[in-house]
Amino acid sequence: SAKDMKHRLGFLLQKSDSCDYSSSHGKKEKVSSSQRLSQEEVRKWAESLENLIHHDRGLAAFRAFLKSEYSEENIEFWVSCEEYKKTKSPAKLSPKARKIYDEFISVQATKEVNLDSCTREKTSHNMLEPTLSCFDEAQRKIFTLMEKDSYRRFLKSPYYLDLISPPGAGCGPENCKRNHAHSLDCNSNIISQCA
């Protein structure tokens with residue numbers, strides 16, 4: 001469930017022992033990035049949707065958020081298109097394209113994405129002779145839709161905010177209030193830059 005996913009994502013991020021953002025921000029992380037997610041990586045997700053979805057853990061957090069809003073078909077379509085573009089064998093293009101079309105674009109699609117009729121028709125026409133770029137326009141439209149809508153809500157949601165400033169992580173009781181206020185300021189700055 002989305003709640004379980006959110007709970008698991010919280011454990012991906014471990015904050016350093018230092019509470020002071022200014023002194024710990026410039027230091028190189030001692031633990032390898034494969035073992036833990038740094039605050040710097042999470043902050044980059046607020047710079048662009050591209051940064052977010054090209055990072056495995058960012059993609060997982062965004063997918064969990066979309067699932068909570070019952071709109072995960074958008075990111076699933078985008079990911080399917082990315083995978084499709086990596087198809088090496090020309091013989092596999094047509095069946096893979098048909099699967100994506102049937103799942104996300106056709107009138108009876110089980111996970112139909114929100115496309116305008118012109119893009120839908122063009123994509124449908126592309127199905128006659130599928131190429132690696134036959135979903136490009138539809139994928140671009142869905143990316144833009146997510147960027148203008150879901151992504152902005154994601155940055156203001158607990159799915160993102162809990163990762164950017166885990167409550168009480170690494171703080172002593174005397175520093176928690178000061179640092180909590182500081183992290184809230186940081187969050188609002190990041191969000192206002194993206195809005």
Side-chain angles (χ1 to χ4, degrees), residues 2 5-6 9 12-13 33 37-38 40-88 92-164 187-195:
M5 178 64 108
K6 180 185 164 205
L9 286 170
L12 294 176
L13 181 61
S33 60
L37 187 61
S38 74
E40 189 178 327
E41 285 175 304
V42 176
R43 280 189 185 85
K44 282 182 182 170
W45 299 352
E47 292 171 10
S48 72
L49 176 57
E50 213 159 83
N51 285 356
L52 173 69
I53 61 181
H54 282 97
H55 189 284
D56 289 343
R57 292 178 185 169
L59 179 61
F62 189 52
R63 191 183 297 231
F65 169 73
L66 290 177
K67 199 167 192 163
S68 76
E69 292 200 329
Y70 304 99
S71 62
E72 68 267 25
E73 70 279 353
N74 291 327
I75 195 65
E76 287 179 19
F77 172 68
W78 186 88
V79 168
S80 294
C81 290
E82 288 296 292
E83 289 300 315
Y84 174 77
K85 287 189 241 182
K86 296 174 188 168
T87 306
K88 300 269 194 275
K92 291 182 179 176
L93 279 182
S94 190
K96 281 186 175 185
R98 177 52 57 190
K99 184 177 189 287
I100 292 170
Y101 182 83
D102 289 344
E103 191 173 1
F104 299 102
I105 298 171
S106 79
V107 181
Q108 291 99 12
T110 54
K111 299 175 182 178
E112 187 178 352
V113 290
N114 188 9
L115 292 171
D116 58 273
S117 59
C118 184
T119 306
R120 197 175 296 278
E121 280 177 37
K122 186 174 181 182
T123 307
S124 183
H125 185 266
N126 290 344
M127 299 305 332
L128 300 172
E129 290 182 41
T131 63
L132 289 176
S133 61
C134 68
F135 294 110
D136 284 2
E137 190 176 336
Q139 186 185 19
R140 245 189 324 275
K141 297 262 179 168
I142 294 302
F143 180 88
T144 303
L145 182 74
M146 290 190 296
E147 189 174 42
K148 289 180 176 174
D149 189 32
S150 314
Y151 174 60
R152 290 181 181 190
R153 285 197 310 277
F154 169 77
L155 293 177
K156 295 174 183 175
S157 77
Y159 289 85
Y160 179 71
L161 296 177
D162 286 355
L163 290 174
I164 199 74
N187 288 338
S188 50
N189 288 341
I190 288 169
I191 291 168
S192 62
Q193 289 169 4
C194 296

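In terms of heavy-atom proximity, Leu66 sits nearest to Met146 at CD1-SD, 4.3 Å. Among all heavy-atom pairs drawn from Ile164 and Arg43, the shortest one is CD1-CG, 3.3 Å. Taking each heavy atom of Ala97 and Phe135 in turn, the nearest pair found is O-CZ, 3.3 Å. The nearest pair of heavy atoms linking Trp45 to Asn51 is CD1-O, 4.0 Å. When all heavy atoms are compared, the tightest approach of Arg152 to Lys148 is CD-O, 3.6 Å. When all heavy atoms of Leu93 and Pro130 are compared, the closest pair comes out as CD1-O, 3.9 Å.
Residues Val79 and Leu59 meet the side-chain proximity criterion, which asks for heavy atoms closer than 4.5 Å. You'll find the side chain of Glu83 reaches within 4.5 Å of the side chain of Lys86, heavy atoms only.
In terms of modelled atom types and a separation under 3.5 Å, the side chain of Arg63 and the main chain of Glu72 share no donor-acceptor contact. Between the side chain of Thr123 and the backbone N or O of Thr119, at least one donor-acceptor pair lies under 3.5 Å. Remark: side-chain polar atoms of Tyr151 are not paired, donor with acceptor, to backbone N or O of Thr144 under 3.5 angstrom.
A salt bridge links Glu82 with Lys85: at least one charged nitrogen is closer than 4.0 Å to a carboxylate oxygen. Using a cut-off of 4.0 Å between Lys/Arg side-chain N and Asp/Glu carboxylate O, Arg57 and Glu41 are scored as not salt-bridged.
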Check step by step if side-chain contact (heavy atoms from CB on, under 4.5 Å) holds for Phe104 and Lys111. CA-CA 5 Å; Phe104 299 102; Lys111 299 175 182 178; 3.9 Å; yes
Show, in sequence, the C-alpha distance, side-chain angles and deciding distance for Glu137 and Lys141, and conclude whether the side-chain contact (heavy atoms from CB on, under 4.5 Å) test is met. CA-CA 6 Å; Glu137 190 176 336; Lys141 297 262 179 168; 4.0 Å; yes
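A 6.0 Å sphere centred on CG of Asp116 holds more than 12 heavy atoms belonging to other residues, nucleotides or ligands. Lys44 NZ: 12 or fewer foreign heavy atoms inside a 6.0 Å radius.
Rounded to the nearest 0.5 angstrom, Asn114 CG and Ile142 CD1 are separated by 6.5 Å. Taking OG of Ser106 as the start and CD1 of Ile100 as the end, the distance is 12.5 Å to the nearest 0.5 Å. Summarising the geometry, atom CD belonging to Glu147 is positioned 13.0 Å from atom CZ belonging to Arg140; distances are rounded to the nearest 0.5 Å. To the nearest 0.5 Å, the span separating OH on Tyr160 from CZ on Phe65 amounts to 13.5 Å. With rounding to the nearest 0.5 Å, the separation of CG in Leu132 from SG in Cys81 is 11.5 Å. For the atom pair CG (Asp136) and CG (Asn126), the distance works out to 9.0 Å, reported to the nearest 0.5 Å.
Relative ring orientation between His54 and Trp78 is described as perpendicular, the plane-to-plane angle rising above 60° on a 0-90° scale split at 30° and 60°. Relative ring orientation between Phe62 and Phe154 is described as perpendicular, the plane-to-plane angle rising above 60° on a 0-90° scale split at 30° and 60°.
Under the side chain to side chain contact (heavy atoms under 4.5 Å, CB included) criterion, Arg98 pairs with Tyr101, Asp102, Met127, not counting sequence neighbours.
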